[in-house]
Participant: 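Pasting in a structure now, in structure tokens, and then I'll have a few things to ask.
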Amino acid sequence: MNALLLSAVWGVVMMFSSFLLPQKSAVRNLAIAGLVLVLVVNILEMHGTVLFHIDTRGMISFDRFSLVFNTISFASTLIYFLLSARDIEKAGDHYAEYFTLIFFVLCGVALVSSFQSLLLLFLGIEIISIPLYILTGADKKNLKSNEASLKYFLLGAFSTGLMLMGIALVYGATGTFMTSGTAAVVTEKTAPSALLIAGMILLMFSMSFKVSAAPFHFWTPDVYDGAPTVFTSFMATVVKAALFVGFIRLFGDSFGALQPQWQLLIAIITAATLFIGNITAVFQQSVKRMLAYSSISQAGFMMLSLYAMNTDAKEGLILYTAAYSLATIGLFAVLIKLKDFSFDGFNGLSKHQPLLAATSTLFLLSLAGIPLTAGFLAKFYMLKAAMATDKNFWLVIFAVLMAAVSVYYYFRVIQAMYFKDGDINKNISVSPAFKGVLVILAALVILLGIFPGLLLNWYYF
Amino acid sequence: MIAVLLIVIPLVSGLAAFFFKNEKAVRSWALFCAVVTLVVSVLGLTMLNEATHLEFNGPWLANLGSSFSVKLDGMGQVLCLLTAVSFPIVFIATWNSNYKNANRFFGLMLLSQAGLMGVFLAMDALLFYFFWELALIPVYFLCSQWGGEKRIQVTFKFFIYTFIGSLLMLVGIIYLYQQTPGHSFSIDAFYHLNLKPSVQSWVFWLFFAAFAIKMPVFPFHTWQPDTYEQSPTAVTMILSGVMVKMGLLGVLRWLLPVLPVASYEYGDTVSTLVVIGILYASLIAIRQNDLKRLIAYSSIAHMGLMCLAIFTETKIGLQGVMIQLFNHGINIIGLWIGVELIERQFGTRKISELGGIAQKAPALAILFVIIALANIALPLTNAFVGEFLMFNGIFSSTITKYNILLTVVAGISIILAAVYTLNMIRKVFYGNTNSLTERTHDIRLNEKIILAVIVAVIFILGIYPKPFFELTNNIVDTIMEKSDMVPFLKRH
């Protein structure tokens, strides 16, 4: 509750800062300070200090899962601000508004991770989506950015329509918007009605669209590629992770009892997502677009938690979102500094910027799931969770084979940085502070890869 | 404590090596640390060989049922000793090679040593998997950065191959973990599993994929000759001498005792693949003109023989494998050193361009020929002991109906080995000198010493292999105990 309100309020504060504060750096620092505050009050809430008591009639519940996840997403955003705040300013003319919109997105993130009512899920997703449409089109003079924004808006609106339809059908079948109410109806009835199943499937499809699972992924590469790179970074990490948390909450809390009905469907969506994401990523020539497809393939792995829907899955999703967000944010931060987004743009980076190359390598290893990095344990948890369902072993084996494919395109970047020569990166300059944050980020990735308990214990204690 | 030191010393010294500026200094540092590791390993073998020193159990990932448990058992002793011996030998033998960014080169070498030690010591399946992957990463960078012309593609192929294998193994590990009563990754829990034969059979292939690619077994071998050829020779030595042993250790420690019924059922299938591989590799080796590729194919044949001896599951055969784990490593490193010395002097590895080296470089010729003869298992050499026992085992195997056929076909490979090895020696060292080899000079003192040490080890172990048998007796008994229970298990 703390973070939900404070992030909304801080969004408004940032809106006014643009004409009250004359300097860009002041706006930036205000945003960072606000985010630190949001993070701190969220951690306080985990320790039992609730600042605002508002009766929501049980429509919002900040339980352990949502609080831990919020901490991860605020911490990721903080790192994102520290690394890329200057680049956010360069994305377009209205730098303060970008921070405003990001704070509103965070507000939506807090809502999506804690909803108990389908209406609030809808509200949360809209609060996330609308600022993102604007951010995608932030680079107004760039045709690709405009195209991406329009595409994202049209398709997003369509999938929101599907979601509303689904919510309406579920309401028709159960007579309630509350997830607990739906769950009660689902559990008591022996055979679920066609209305309920139809509603559930519509919800599944619209959520799959939001997390860019195949075959609803077609918007992802174009939008991620067209949007200004700083915002792609934010969209592909914090936002996507939050939507996954919403997805798993929705299906765990409302439709948990119907798992036999939807499990196979989710398994097929998972396999398709893994296949399309990985295979298409192999053929990309631009690292930015490759990362867009890689985000689809990583979504495929996260879908495994939805498929399994057990304790391992929830723990695993927490770890996965952290591992994936940290590594991807770091990678995008380095990518923004480069002039050329093709694979050749990374040539010889290790010679001119050894630290950037070394940390990027670590992030790539983490995304590929190599042991000692957080990415490995994250994938490990997902496989373990899927294995614990004791059926559909083909899915697990398929997932690891696709993980092996992912090595191909992640390592192409490593090869360019270390084994190919080039002077294209001779003149890039990065500040010591940027390097410092990158090193901290890399340390976090390794630390979570050796002691995941540091994060997961929060979930229990 | 010894077990932990064997991992920690190379790990820490490897990380430290990255911060060296001076090439000479980092070289000496790497050698010094490798020697320290060797001393620790020898101490573990001799003075501090009580269980308290050789075992360590630390908490790690407790809520996953995993722990940092490492232990030096008999097989671990043999392989850790091999690892500990190999690195100083490699460092001294390549002392005169120059590397760009030497600090990174030696840092990665030491890190790969840490990974290898971990694989040989881990007594926890998840830890084993961790090290299994970690040993690979430094090698990937070593080969891609300092290798030959086609190094990037070739190493990438090698990496993807092994990565697919290990991921399949990971699925197998997680499956077995789910089956253990208390959800544990410890090796004891795995050994106490009594899985149904139908389940064992598909888990078997998940594990076998990883090990077969690593060894490599036909038809998963295609990465191997290219990688050996393109890698810098120092790395090839580690790859072929030590790293392939990861596959054999995997089979011996994590496959046979855990899935005895499936190992029994599929013994013949594996043996068939292996025998095809042995013949195929030996025949190709005869036709090779490149010294490195010749030794690479010869290594496939030798590894295949060891794999065959393992899957025919006899006590005597396994004893042979245990000693051959060490012998093959030492011998092949000796061969690579010879190749490296020749290549450095003449700038070529083509057999057709060489000749008559023995006239000008007698020391190199004598030492290299002895090692080459050990490679074809001549009596009095170490490999003879191992291969004799292995053949004995294959012949007397009771689990396969085709024991005589397997022995005959594998025996042909020994003849073929003599053909290509002796042919290579004749063409490279004897005959007339040509314009290239006219001004040959003999090898340096450090190189002489290293080759002499290897030759000494070859003879000592050829005459007195007893200590190795005593060391590995227990391990062989554990494996055989499981194997002997198979007929009983199958009835259930």
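All values reported here derive from a predicted model rather than from experimental measurement. In what follows, every chain begins at residue 1, and chains take the letters A, B, ... in the order their sequences are listed.
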Participant: Tell me, for B/Ile137 versus chain A, whether the close heavy atoms (under 4.5 Å) come from the side chain, the backbone, both or neither.
Facilitator: side chain
Participant: Give the minimum heavy-atom separation between B/Leu134 and A/Pro371, together with the two atoms involved.
Facilitator: CD2-O, 3.8 Å
Participant: If the condition is side chain to side chain contact (heavy atoms under 4.5 Å, CB included), which residues does A/Ile446 pass it with, not counting sequence neighbours?
Facilitator: A/Leu362, A/Ile450
Participant: Within the 4.5 Å heavy-atom criterion, are B/Leu126 and A/Phe380 side-chain neighbours or not?
Facilitator: yes
Participant: For residues A/Ala403 and B/Leu167, report the shortest heavy-atom separation together with the two atoms involved.
Facilitator: CB-CD1, 4.0 Å
Participant: Determine the option with the most heavy-atom pairs under 4.5 angstrom with chain B, choosing from A/Val405, A/Leu377, A/Val400.
Facilitator: A/Val400
Participant: Any idea which of B/Leu206, B/Ile152, B/Ile164 has the most non-hydrogen atom pairs under 4.5 angstrom with chain A?
Facilitator: B/Ile152
Participant: Counting heavy-atom pairs under 4.5 Å to chain B, which of A/Phe411, A/Phe376, A/Phe393 comes out on top?
Facilitator: A/Phe411
Participant: Taking CZ in A/Phe275 as the centre, count heavy atoms belonging to other residues, nucleotides or ligands within less than 6.0 Å. Is the count above 12?
Facilitator: no
Participant: Pick one of side chain, backbone, both or neither for B/Leu61, based on which atoms fall under 4.5 Å of a heavy atom in chain A.
Facilitator: side chain
Participant: So which atom in A/Val407 and which in B/Phe159 form the shortest heavy-atom distance, rounded to 0.1 Å?
Facilitator: CG1-CE2, 3.5 Å
Participant: Counting backbone as well as side chains, what donor-acceptor pairs lie under 3.5 Å between chain A and chain B?
Facilitator:
| unit_1 | atom_1 | unit_2 | atom_2 | d |
| --- | --- | --- | --- | --- |
| A/Lys384 | O | B/Gln178 | NE2 | 3.0 |
| A/Gln415 | NE2 | B/Tyr140 | OH | 3.3 |
| A/Ile450 | O | B/Trp60 | NE1 | 2.9 |

Participant: Please name all residues satisfying side chain to side chain contact (heavy atoms under 4.5 Å, CB included) with A/Ala399, sequence neighbours left out, ordered by chain then number.
Facilitator: A/Leu274, A/Phe301, A/Leu304, A/Leu383
Participant: A/Leu372 versus chain B, heavy atoms under 4.5 Å apart: side chain, backbone, both or neither?
Facilitator: both
Participant: What pairs with A/Asp340 under side chain to side chain contact (heavy atoms under 4.5 Å, CB included), at least two apart in sequence or on another chain?
Facilitator: A/Ser342, A/Ile424
Participant: Could you tell me which portion of B/Leu170 (side chain, backbone, both or neither) has an atom closer than 4.5 angstrom to a non-hydrogen atom of chain A?
Facilitator: side chain
Participant: Given heavy-atom pairs under 4.5 angstrom as the criterion, report whether the side chain, backbone, both or neither of B/Phe141 touches chain A.
Facilitator: both
